[in-house]
Structure formats: C-alpha cells, structure tokens
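Numbering of residues begins at 1 and proceeds along the displayed sequence.
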Amino acid sequence: QSFREHTEKNGFCAIGSVKTNIGHTDAAAGAAGLIKTIFALKHGVLPPSLYYETPNPEIDFESSPFFVNTKLREWNRNGTPRRAGVSSFGIGGTNVHVIVEEAPFREPSGKSRPHSLLVLSAKTSAALGRAAENLAGHLGAHPELNLADVAFTLQTGRKAFNYRCAIVCADRAEAMERLKAEPTGRGINAFPDESASPVNFVFPGKGARINLGAGLYWEDELFRKFADEGFALAKKELAVDLKQVLYPAESECSTAEEQLNRPATADVALFVIELALARTLKELGVEPDTVIAEGVGELAAACTAEVITAE
C-alpha cells in the first residue's frame, strides 16, 4: 500500500531475509537484519536470499513492487541514494520497521603540504610502541589512505597522553619505516607534568644564505604570505628586493651572494625569515611561552613577543 501511493511499477524492489544466511536469531533478528543492510549499503551490492525456489501461493509477486533477490547483484542508485527498509516483526522480533539511507558521498581531500606530521600518544612507553606498530600495519594494509587525512585525524581526533611520538614524513613508505624503527628512533618523549614542558622559540643571530627557507617558501602558502609581507616592507624601506636575493635565478646567484655578504642585507633577510617562521607557527596554534635570541634574532624575538612591530 505504501509503495502504491507513488508508483504502479512492478518487480523493482528486491526483498530478502537474513534468516537464510545465518538462521533464526530470535530477539537479535532485527539487529542482524540491520547489520546486513548496512553492509549492503556500504558495498553497493544486494546479497542473495538462499534456497528460494517458489513463493507462498498467497503472495502475488508478479503484480507487486517486489521480487525475491536470489543472487548477488549490483545495487544501482538510479539517480537517488540507496535506501532500504528493515523489518522485524512477530514472535522474537523487535516489532519495528526502519528505513536506512546510505551515507552521503565523501568529497576527496584537498591539496595538502608535501610533508605530514603523525602524532601518537599513550599512557605508557610500551603502549606507545604498540600504537606506532599498529599504525604502521594499518598504513601497510590500506594503501588508499591519504597520509594528510591520517595526520589530521591523529592530531584532532585523539586524546593526548603523557607518552608521545611525532613523525614527519613525505609519504606512506617513509611513515611506515619510521614508525617501525626502535623507540629511540621514534622520538618518544614522556611529559609527566604537562606544565613542565613549555614551548620556547630560539632565534639565531647569523645564518642568512641563498635559499634560506626555500622549501617552506615555495611549498607552504602561509609561510610565503608572511615572508612576502617582510620582503615588501624591506623593499619599501631599504630598496632591496630580498626575494631575489634569497631565491635568485641560477644566473644571478653570484650577485645575490655579494649582496648577502653585506651585513645590513644579511641581517634584514634573516630577520624576515625568522619572523615569518614564528608567525607561521603562531598561526598554526603554537604559542611560545618564552622567546630567546642573540644578535639580529633579538629583533625577531621582540616582534614575536609583540614588544615592537616589524615596521
């Protein structure tokens, strides 16, 4: 009656019973039928009802919307999401009918950084070691996983315990290799007292050179934004194009090196890169408890601590 409110079509809705697959489950029949249906939705196939030959003579399947599904078949959508009704009535049943719809299609992940940070934590060192081994095994068993998605889930979907491990990796193979390493190779750290593990930013006073921070600059949009702001400020105040100095074309490397040999240019370049890195970390939620520096790094440290402005 319900189907006839919307269509006069016959033989388009497959029906089946979990009883032919696992037997009579009494009070668990409804739950078993629901589990079967959810797996059918997940895999997009209709499992067969076994041993069916002829219907009860009281059932007129030919003029009904239904047919008994006797073979494994693909479950086509036909322009609408897959839906199924699960009924459990009678003696031992839960006397309920539920309609189940497949989960919405998950959009693929967007562009991610070239490297991913995998973080694990546990309550003991041994448990942390097992977690690392389990993750390596899971990555090996599921090559379809997006490493950036795995990193995001580990960072945002797990509690943080005192024994911790952090792995930086470019691909699944590197992640598995590092996770399988000895505990010392996994960088395990214990923080019995969370308050005793402050974050410190350390700013050096020397080190400006060609391609300083190039990997971050060309690969990380956030770092590039902050560096470009520093480059623009330096160009306005000092008439020096620090971007060309730090990241020159191959034919201009010698000229760039000459400019970086001048302390004024080298100091400003180092200041811009250090401040861009500190601002990137803060934007990502890493707030320093203290900053420490020497030389020109003291200026980047003061800006990071908001004592002075970059201008």
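In this structure, the side chains of Leu41 and Phe39 stay at 4.5 Å or more apart for every pair of heavy atoms. Contact of the Val100 side chain with the Arg83 side chain is not registered, since no non-hydrogen atoms from C-beta on lie closer than 4.5 Å. Put simply, the side chain of Glu62 reaches to within 4.5 Å of the side chain of Asp60, judged on heavy atoms. Side-chain contact between Arg4 and Pro65 is present, with heavy atoms from C-beta onward closer than 4.5 Å. Contact check for Leu46 versus Leu72: no side-chain heavy atoms found under the 4.5 Å cut-off.
Under a 3.5 Å cut-off, the side chain of Asn211 and the backbone N or O of Gly213 do not form any donor-acceptor pair. Under a 3.5 Å cut-off, the side chain of Arg172 and the backbone N or O of Leu139 do form a donor-acceptor pair. Judged by distance alone, with hydrogens and angles left aside, the side-chain atoms of Thr290 form no donor-acceptor pair with the main-chain N or O of Asn200 at under 3.5 Å. A donor-acceptor pair under 3.5 Å is absent between the side-chain atoms of Ser121 and the main chain of Arg164, judged by distance alone. Looking at Glu174, its side chain does come within 3.5 Å of a backbone N or O of Ala170 through a donor-acceptor pair. Although no hydrogens or angles enter the test, the distance criterion places no donor-acceptor pair under 3.5 Å between the side chain of Asn76 and the main chain of Asn78.
Taking Asp267 as the reference, nothing meets the salt bridge (Lys or Arg N to Asp or Glu O under 4.0 Å) condition, with sequence neighbours excluded.
Using modelled atom types, one finds a donor on one side chain and an acceptor on the other under 3.5 Å when comparing Arg73 with Asn69. Between Ser63 and Asn10, the side chains place no donor N or O within less than 3.5 Å of an acceptor N or O (distance only, hydrogens not considered).
Put simply, CG on Leu135 and CG on Leu179 are 5.0 Å apart, with the number rounded to the nearest 0.5 Å. Of the inter-residue distances, the one linking Lys243 atom NZ with Arg224 atom CZ reads 8.0 Å to the nearest 0.5 angstrom. To the nearest 0.5 Å, atom OG of residue Ser49 and atom NZ of residue Lys19 are 11.0 Å apart.
Residue Ile308 places its CD1 atom among more than 12 non-hydrogen atoms of other residues, nucleotides or ligands, all under 6.0 Å distant. For Glu58, the CD atom sits in a loose shell: 12 or fewer heavy atoms of surrounding residues, nucleotides or ligands are nearer than 6.0 Å.
Smallest separation of non-hydrogen atoms from Leu147 and Cys169: CD2-SG, 3.8 Å. Summarising the geometry of Pro204 relative to Leu270, their closest heavy-atom pair is O-CD2, 3.7 Å, with the distance given to 0.1 Å.
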Please test Arg77 against Glu102 for side-chain contact (heavy atoms from CB on, under 4.5 Å), starting from the C-alpha separation and ending with a verdict. CA-CA 10 Å; Arg77 289 190 177 88; Glu102 67 179 336; 2.8 Å; yes

Could you check Ile167 against Leu117 for side-chain contact (heavy atoms from CB on, under 4.5 Å), going step by step and ending with a plain yes or no? CA-CA 6 Å; Ile167 302 295; Leu117 175 68; over 6 Å; no

Please report, to 0.1 Å, the donor-acceptor pairs under 3.5 Å made by any side chain of residues 275-286, with sequence neighbours excluded.
{"residue": "Arg279", "atom": "NH1", "partner": "Glu229", "partner atom": "OE1", "Å": "3.0"}
{"residue": "Arg279", "atom": "NH2", "partner": "Glu229", "partner atom": "OE1", "Å": "3.2"}
{"residue": "Thr280", "atom": "OG1", "partner": "Ala276", "partner atom": "O", "Å": "2.7"}
{"residue": "Lys282", "atom": "NZ", "partner": "Thr304", "partner atom": "O", "Å": "3.1"}

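Ring pair His138/His142 is tilted by interplanar angle, where 30° to 60° counts as tilted. Phe3 and Phe12 have tilted rings, their planes meeting at an angle from 30° to 60° on a 0 to 90° scale. Ring geometry for Tyr247 against Phe231 counts as perpendicular: the plane angle is over 60°, on a 0 to 90° scale with 30° as the lower cut.
A salt bridge does not link Glu294 with Lys206: none of the charged nitrogens is closer than 4.0 Å to a carboxylate oxygen.
Cluster annotation: Leu50 and Val68 are assigned to distinct hydrophobic clusters (Ile/Leu/Val/Met/Phe/Trp/Tyr, side-chain heavy-atom contacts under 4.5 Å, transitive).
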